[in-house]
Amino acid sequence: MTLTKQDFSAGLPPPSELGIAGMDSSRGKEKAVLESLAGGDPFGSVEPVKKPSGRLIMHSMAMLGREFCYAVEAAFVTPVLLSVGLPKSLYSLVWLISPILGFVLQPVVGSASDHCTSGWGKRRPYILALGIMMLLGMALYLNGDMMVSALIPERGKQRTWAIVITMLGVVLFDFAADFIDGPIKAYLFDVCSHQDKEKGLHYHALLTGLGGALGYLTGAMDWGNSVLGRFLGSEFQVMFIIAALVFLICLTVHLCSIPEAPLRDDSTETKLLLKVDGPSEYGSIESVNNGYLKPGYAGKKTLSELGKSTETPQTQVQTRMTVKCLLKALLSMPSHYRCLCISHLIGWTAFLSNMLFFTDFMGQIVYHGNPYAPHNSTAYLTYERGVEIGCWGMCINAISSSLYSYLQKALLPCIGLKGLYFIGYLLFGIGTGFIGLFPKVYSTLALCSLFGVMSSTLYTVPFNLIAEYHREEENQKEQNGGEAEATGRGKGIDCAALTCMVQLAQIIVGVGLGFLVSAAGSVIVVVICASAVALTGCCFVAFFVRYVE
């Protein structure tokens, strides 16, 4: 039996009644199918309904857990690598492998998540997999020496395998921790309205700073002489247990925060109700976004029409994203997306230039210590003291980042995204410049609070602009009657392209700054370089980045 257009239309309420909750019993089946997908009124709103603040905070817990683990890595990776005997010639290799892999593969992961058809949602399967990889990497670099000692009896092989396992753990952890940010941001964009996206990004930055502060404070404690340290064997094992528990709790809360609707459903009813005319627009995932049907639902087809158009070019674009299609999508990126990526690259290059060398700067320049002196000498102990104070400076940075992310909500209506973006780069450039010119202990610690302004800016404003661009394109789609060009791009690949700039910045910093320090003979060139790059970024975000009015 063939269902005609009139028969199908008779099974749905008129457009004026589509937002009404009460429906008579003759429409029960249609309502049940639609509500199972959307959780309520599927046609009543273009955007998902407003989410409670508690749900957004739960969603942001993943950032707290990730940043806590990052802080543990920053505090313990160097001592771990030194303790297993890693040669100095391999240091740069350890820090370059992960960002190179991330820069090449992160857009692939973002594109794959855009087209994931898991019943659990598009983003959460990838977030869970990357979270497990983070735990595995952390287990390897904090416990690799102990594992090798237990499994390999020959002492000659223990050192080699301990170096291999520790390096593998560091690379795996960095790889997963860098990758997980893109799906988390895309997950937020998928399930939230425009206002909730802005609020959610501020919560992300708030809990990112809090997680970093807690991680640095936890790492500063003397766990080796504690009861746990004596029971587990060393402070490395204690920190692994603490960091793993914190991350598991945060990841579980995050994954249970806001449900995702599957990208598609293979059931006959779903195909009937969700098949619409026209391809998905640039920057969107499908005509149905997490169970909420986009405008243009009037273009439903009859069963006979569906049978004739099961396979379309648009369907192939949505389900077959090859590497060739991916590269084409990246190369065809609109100019305003490209400028945003460049500004993000400039900002992260400046920020990482300062942060990766900051504790060494405190030890050598501010405290006048010598890391190459004998370990029982005054010069080396002075250097260690400077490194410890530098860790407290990083803790100040994390706390100020958390506080400023909350302040951003009050500043946004006054100065807008352009003002927030410009101020973040400007204050960081001025702060690092003064630190380089006047390397004193208390002034340096005070100016560390400006690092947090930059950190919070990098974690929120670029992704806010991505959300603005997507919103603008969706509005244009509505004005054009639901027609747009199919590009094969989605929110996941846009977020991934932006976070790829972090890996590219790590590569630039890892290769370039080492050469600059060797040429200048002093670490002070690092903060001067960071200041110059940040001030250059001020000009770029002011004149080249496009802001949606």
Side-chain angles (χ1 to χ4, degrees), residues 70-71 74 92 95-96 99 208-209 212 216 341-367 386-387 389-401 404 420-462 501-542 545:
Y70 258 142
S92 60
W95 299 117
L96 284 177
T208 294
Y216 288 124
C341 287
I342 294 172
S343 69
H344 204 53
L345 173 63
I346 294 172
W348 273 105
T349 301
F351 186 71
L352 292 175
S353 298
N354 182 69
M355 298 306 293
L356 292 181
F357 290 86
F358 183 71
T359 53
D360 190 46
F361 171 81
M362 288 290 291
Q364 290 196 56
I365 304 301
V366 178
Y367 273 79
V387 171
I389 298 300
C391 289
W392 283 105
M394 294 171 72
C395 183
I396 292 173
N397 154 63
I399 294 172
S400 66
S401 174
Y404 182 71
L420 288 176
Y421 215 4
F422 182 83
I423 287 175
Y425 281 58
L426 179 64
L427 292 180
F428 181 80
I430 293 174
T432 50
F434 273 110
I435 287 175
L437 294 174
F438 309 103
K440 304 299 180 182
V441 177
Y442 294 107
S443 61
T444 299
L445 289 178
L447 290 170
C448 282
S449 59
L450 298 182
F451 301 166
V453 174
M454 182 65 159
S455 174
S456 179
T457 299
L458 291 173
Y459 277 119
T460 55
V461 176
M501 299 302 104
V502 182
Q503 279 82 47
L504 184 56
Q506 290 180 27
I507 296 170
I508 293 172
V509 170
V511 174
L513 276 189
F515 174 77
L516 285 178
V517 172
S518 299
S522 174
V523 188
I524 199 168
V525 71
V526 172
V527 292
I528 299 299
C529 180
S531 177
V533 173
L535 293 176
T536 302
C538 285
C539 301
F540 194 90
V541 301
V545 175

Legend entry - N/O donor-acceptor pair under 3.5 Å between S449 side chain and A446 backbone: yes
Inset, instruction - On the 0 to 90° scale, with breaks at 30° and 60°, tag the F351-F428 ring pair as parallel, tilted or perpendicular. - result: tilted
Inset, instruction - Consider only side-chain N and O atoms of Y421 and S343, and report whether a donor and an acceptor are under 3.5 Å apart. - result: yes
Legend entry - Which residues share a side chain to side chain donor-acceptor pair (under 3.5 Å) with Y70, sequence neighbours left out: D178
Legend entry - Ring centre gap for Y459 and W348 strictly below 6.0 Å: yes
Inset, instruction - Mark yes or no for whether S353, through its side chain, and A530, through its backbone, hold a donor-acceptor pair below 3.5 Å. - result: no
Inset, instruction - Using atom types as modelled and distance alone, determine if a side-chain donor or acceptor of T444 lies under 3.5 Å from a backbone N or O of K440. - result: yes
Legend entry - Y216 vs W392 side-chain heavy atoms within contact, under 4.5 Å: no
Inset, instruction - Work out which heavy atom in I524 is nearest to a heavy atom in G436; give both atom names and the distance. - result: CD1-O, 3.3 Å
Legend entry - Non-hydrogen atoms of A350 and V533 that approach each other most closely: CB-CG1, 3.8 Å
Legend entry - Closest non-hydrogen atom pair between L447 and G431, with its separation: CD1-O, 3.7 Å
Inset, instruction - Quick one: pull up CG in L504 and SG in C341 and give me the separation to the nearest 0.5 Å. - result: 10.5 Å
Legend entry - Flag, side chain of S531 to backbone of V527, donor-acceptor distance under 3.5 Å: no
Inset, instruction - Can you see which heavy atom on A398 is nearest to which on G212, and at what distance? - result: CB-C, 3.8 Å
Inset, instruction - Quick one: pull up OG1 in T349 and CD in Q506 and give me the separation to the nearest 0.5 Å. - result: 10.0 Å
Inset, instruction - Side-chain contact test, heavy atoms from C-beta onward, threshold under 4.5 Å: evaluate it for T457 versus Y404 and give yes or no. - result: yes
Legend entry - Inter-residue atom distance T208.OG1 - L458.CG, 0.5 Å rounding: 11.5 Å
Inset, instruction - Check whether any side-chain heavy atom of L535 lies under 4.5 Å from a side-chain heavy atom of L426, and answer yes or no. - result: yes
Inset, instruction - Give a yes or no on whether the ring-centroid distance for F540 and Y425 is below 6.0 angstrom. - result: no
Inset, instruction - Decide yes or no for C529 and L516: does some side-chain heavy atom of the first lie under 4.5 Å from some side-chain heavy atom of the second? - result: yes
Inset, instruction - Might you point out which heavy atoms bring N397 and M355 nearest each other, and give the distance in Å? - result: ND2-CE, 3.6 Å
Legend entry - Expected output: side-chain S455 to main-chain F451 donor-acceptor under 3.5 Å: no
Inset, instruction - Working to the nearest 0.5 Å, report the span between CD1 of I423 and CE of M454. - result: 13.0 Å
Inset, instruction - Supply the atom-to-atom distance M362 CE to L445 CG, rounded to the nearest 0.5 angstrom. - result: 5.0 Å
Inset, instruction - Would you give the length of the straight line joining atom CD1 of I528 to atom CD1 of I435, rounded to the nearest 0.5 angstrom? - result: 10.0 Å
Inset, instruction - Please report the closest heavy-atom contact between A505 and L345, naming both atoms and the distance. - result: N-CD1, 3.6 Å
